[in-house]
Amino acid sequence: MQTFTSNDVKVYNLSAGKSLPNWITDRKRRQMEKTDVNIRRRIELIQDFEMPEVSNCIRVSPDGQYILASGAYKPRVRCYDTQEMSMKFERCMDAEIVKFLVLSQDYSKLIFLHSDRFVEFHAQYGKYYRVRIPKFGRDLAYQTELCHLYVVGASNEVYRMNLEEGKFMPSLASTLKTELNSIDINPVHQLVITGTADGHVEAWDPRSGKSEGIINCALPELIQDGPSHAPFGVTKVKFKDGLNLAVGTSTGQVLLYDIRSPKPYYIKDHNYGLPIRSIDFLPDQDYIASMDTKILKIWERESGKAVTSVEPGSDLNDLCIVPHTGLMFMATEAPKMLSYFIPSLGPAPKWCAFLDNMTEELEESAETAIYDDYKFLTADELDALGLSDLIGTSLLRAYMHGFFVDVRLYRKAKSIVEPFNHQEYRKQKITEKLVAEQTESRVQTIKLPKVNAALARKFLDPTVLQDEKSKRKAKLVSTNPLEDDRFKALFSNPAFEVDTTTDEYRLLNPLVSKMDRRRETVAAENVAEQDTGEEPLDDEVEDVDAALASVRAEAEGRRQRTRDDSAESSDDDREWVTERRKQHRLIEGEKAQAAARRRPKPAAPSGRGRVMEVETDAGRYRGMNKPLSKANSRTLESRLAAEESRHGAAESVQLPGGNRQMTFSMGGGSGKRFERSREESAQHLAERRKLHRSGRPIESRMKKPWKGKK
């Protein structure tokens with residue numbers, strides 16, 4: 001948003017600044033806003049409020065919710081919804097739009113006048129009908145009471161169409177035999193006014209279709225002689241009420257008439273010699289807004305006193321002021337359609353009420369001008385610099401209780417008056433640096449809290465931060481977390497105490513132990529350096545530069561030790577990984593033991609079978625309670641033969657851990673029972689076979705009548 005003042009009236013340009021495409025990413029948008037102040041200050045009142053090449057005409061619907069604009073190229077019309085602040089739809093046309101009207105309260109009924117002599121009627125869904133007129137049209141007007149549409153153009157006739165009956169009415173033929181440029185209808189008594197190309201204004205009665213009067217606007221003082229000037233003509237007519245009429249001419253004048261008199265009661269000249277494109281009345285303040293192709297001027301109707309003006313820099317085509325507000329839109333010979341807000345003309349519309357708050361904040365936060373190239377000095381400071389003799393000359397500008405002097409002159413005078421100031425500044429900086437380095441080299445006691453003392457030591461002990469990455473993080477966090485209100489409860493409330501017995505903490509314990517060992521090592525080195533380095537300084541060492549060199553040497557030694565420590569970081573990382581894996585295994589083992597203790601004990605085995613012995617590659621394993629027999633002294637072959645003779649062949653079982661040969665013995669004479677049961681089963685089967693009688697002989701003797709005779 002750009003603000004400028006014209007005639008002590010603030011005007012806010014809402015369309016100033018660069019427009020960003022919709023497909024740009026949010027990250028790229030933020031980067032551009034950081035680098036470009038114009039993008040950061042811009043206000044996109046309505047999204048995509050522009051045309052591809054040029055805009056011709058702008059209108060606001062009577063309900064104030066929709067803004068319609070026509071432009072090229074290609075010829076099109078766009079409708080913008082103020083509730084959504086974005087484009088609602090777009091329709092492309094066959095020819096360029098000269099003028100268009102909004103007949104309904106919203107966008108559902110539109111009339112377009114094209115440059116190819118066609119008049120198109122559009123409904124909410126799109127084009128409804130089109131009709132062609134005899135001559136090229138330049139302007140059109142709609143009479144609500146009679147549903148008549150009036151079209152004027154490159155002829156002396158006013159074409160009429162009755163939209164209720166859907167037919168042409170008899171044309172209003174002028175006796176002036178000249179082309180017509182503009183038309184308007186009086187909102188009170190429905191008088192029709194047309195402006196001609198030779199500087200006349202003619203009035204028509206729509207009831208009878210007759211001419212009621214002609215006014216000659218080509219006054220002698222307005223006509224400019226000479227071949228280089230364009231001919232005098234009327235380019236715009238506009239009614240304010242039942243009596244007041246404004247006429248715009250091709251030479252840049254606005255004439256105000258009382259229709260009861262043939263002479264104007266006021267003439268306003270734009271002084272540019274350009275034709276007037278648009279005239280609008282502001283009834284709330286009794287102002288008139290007149291626009292030519294270069295500038296928009298707002299002035300008082302009675303006195304003609306200028307209120308303000310807007311000169312955008314591109315050629316203007318049309319003006320649309322939102323009724324009873326200070327917001328206005330302009331169609332220009334550029335892709336972007338302009339939006340201006342003038343708070344003195346009225347408040348912002350309801351759909352952009354935030355503009356009032358923004359303008360009020362900008363007016364309250366108005367800052368005074370800052371002179372970067374000048375230095376403000378009082379009279380005493382001038383005497384100290386020896387510049388009091390310049391009072392009254394052009395080198396000093398009196399302002400309030402002092403003077404403004406050029407900053408280059410001030411620096412030169414200051415360097416002459418204080419030549420040794422640089423040496424004193426250098427000594428002061430060296431002393432401050434020595435004190436700071438000596439303070440850092442001392443061993444400082446750290447006061448730790450009772451809650452989370454180990455965690456507080458990590459933040460406060462500088463010996464813990466040995467690597468460069470940790471030092472950079474420490475520079476970013478320069479505040480003490482113990483004094484910060486956001487983290488104070490972490491070191492004072494026992495509810496936030498870190499539990500070192502949890503599994504999560506134990507997994508991080510190798511890292512904590514590593515940091516603790518590093519801190520102890522560095523602390524021991526510092527103590528050793530203090531024990532060996534406490535020697536009295538020579539009284540003759542008074543040179544500041546020599547002391548600074550010694551301190552720098554000590555600092556270089558510490559940095560060298562830091563580099564040595566960083567070289568061993570890879571070994572420490574491997575050690576940390578090993579310790580963490582070890583801790584992880586211990587935790588998993590404890591979990592397994594706890595689960596085994598919670599698992600119920602298995603039931604005692606039944607007497608059906610039990611493991612007698614297990615033979616492996618490493619040897620034979622027997623039951624825990626069975627003593628070893630004398631057969632262990634025999635060879636393996638003899639033992640296997642004896643086992644096979646008693647129990648049969650052994651069963652081999654393949655296990656993932658290797659070959660395991662297991663021998664099972666069914667105790668209690670199980671082999672004899674098996675033989676006896678097998679014999680009983682065979683005997684039972686033989687008895688059943690003896691008693692079994694087959695049904696086949698019976699079936700062969702049965703008659704089968706369904707098969708018939710053989």
Side-chain angles (χ1 to χ4, degrees), residues 1-14 16-18 30-43 295 306 308-313 340 342-344 358-440 475-476 478 542-549 551-552 555:
M1 183 173 64
Q2 190 178 34
T3 307
F4 62 91
T5 304
S6 177
N7 199 18
D8 295 334
V9 176
K10 283 192 175 182
V11 181
Y12 297 90
N13 186 1
L14 306 180
K18 299 179 180 179
R30 289 193 297 268
Q31 291 177 355
M32 296 179 68
E33 289 177 354
K34 290 180 181 179
T35 56
D36 196 338
V37 66
N38 295 327
I39 296 178
R40 186 165 60 250
R41 294 181 179 177
R42 69 183 179 88
I43 295 178
I295 192 172
T308 186
S309 62
V310 178
E311 189 173 356
Y340 288 92
I342 305 177
S344 60
M358 293 180 59
T359 54
E360 291 176 1
E361 292 177 0
L362 291 176
E363 291 178 358
E364 292 176 359
S365 62
E367 299 179 356
T368 58
I370 300 175
Y371 300 93
D372 295 333
D373 297 335
Y374 291 89
K375 176 71 176 178
F376 181 80
L377 299 176
T378 61
D380 297 338
E381 293 175 346
L382 285 176
D383 293 338
L385 295 176
L387 300 178
S388 57
D389 297 339
L390 300 178
I391 298 177
T393 63
S394 60
L395 298 177
L396 296 179
R397 300 182 183 182
Y399 183 76
M400 295 181 65
H401 62 284
F403 303 88
F404 274 112
V405 62
D406 193 287
V407 68
R408 294 171 295 180
L409 178 60
Y410 167 75
R411 291 174 181 173
K412 188 173 183 180
K414 187 174 179 64
S415 62
I416 294 174
V417 173
E418 301 176 357
F420 303 105
N421 192 21
H422 177 69
Q423 296 181 2
E424 295 177 0
Y425 173 78
R426 182 174 178 273
K427 289 183 180 180
Q428 181 182 359
K429 287 297 181 180
I430 291 175
T431 304
E432 292 177 357
K433 193 171 184 179
L434 282 172
V435 173
E437 291 182 353
Q438 289 176 0
T439 304
E440 292 178 358
K475 290 181 180 179
L476 295 177
S478 58
E542 297 179 356
D543 192 359
V544 178
D545 295 335
L548 180 60
V551 173
R552 288 176 177 174

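Nothing here was measured: the structure is a model prediction, and the numbers come from that model.
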Quick check for you: to the nearest 0.5 Å, what is the distance between [X] atom [atom1] and [Y] atom [atom2]?
X      : Y      : atom1 : atom2 : value
Thr3   : Tyr12  : OG1   : OH    : 5.0 Å
Glu381 : Lys375 : CD    : NZ    : 7.0 Å
Leu390 : Leu409 : CG    : CG    : 6.5 Å
Ile391 : Asp383 : CD1   : CG    : 7.0 Å
Ile416 : Lys412 : CD1   : NZ    : 6.0 Å
Lys429 : Leu434 : NZ    : CG    : 13.5 Å

For residues Leu382 and Val405, determine if any side-chain heavy atom of one lies less than 4.5 Å from a side-chain heavy atom of the other.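 The answer is no; the side chains never approach within 4.5 Å.
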Mind checking whether Phe4 and Val11 have side chains closer than 4.5 Å, heavy atoms only?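 A side-chain contact under 4.5 Å exists here.
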Please check if the side chain of Asn7 supplies one atom and the backbone of Val9 the other of a donor-acceptor pair under 3.5 Å.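 Between the backbone of Val9 and the side chain of Asn7 there is no qualifying donor-acceptor contact (under 3.5 Å).
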Minimum heavy-atom separation for Lys10 and Thr5, please, with both atom names.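 Distance-wise, the nearest heavy atoms are CG-OG1, 3.9 Å.
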Looking at residues at least two apart in the chain, or sitting in another chain, which of them share a side chain to side chain donor-acceptor pair (under 3.5 Å) with Arg397?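 Checked Arg397 against side chain to side chain donor-acceptor pair (under 3.5 Å); matches are Tyr374.
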For Phe376, check side chain to side chain contact (heavy atoms under 4.5 Å, CB included) against everything at least two apart and list the hits.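 Here the qualifying residues are Thr378, Tyr399, His401, Phe404.
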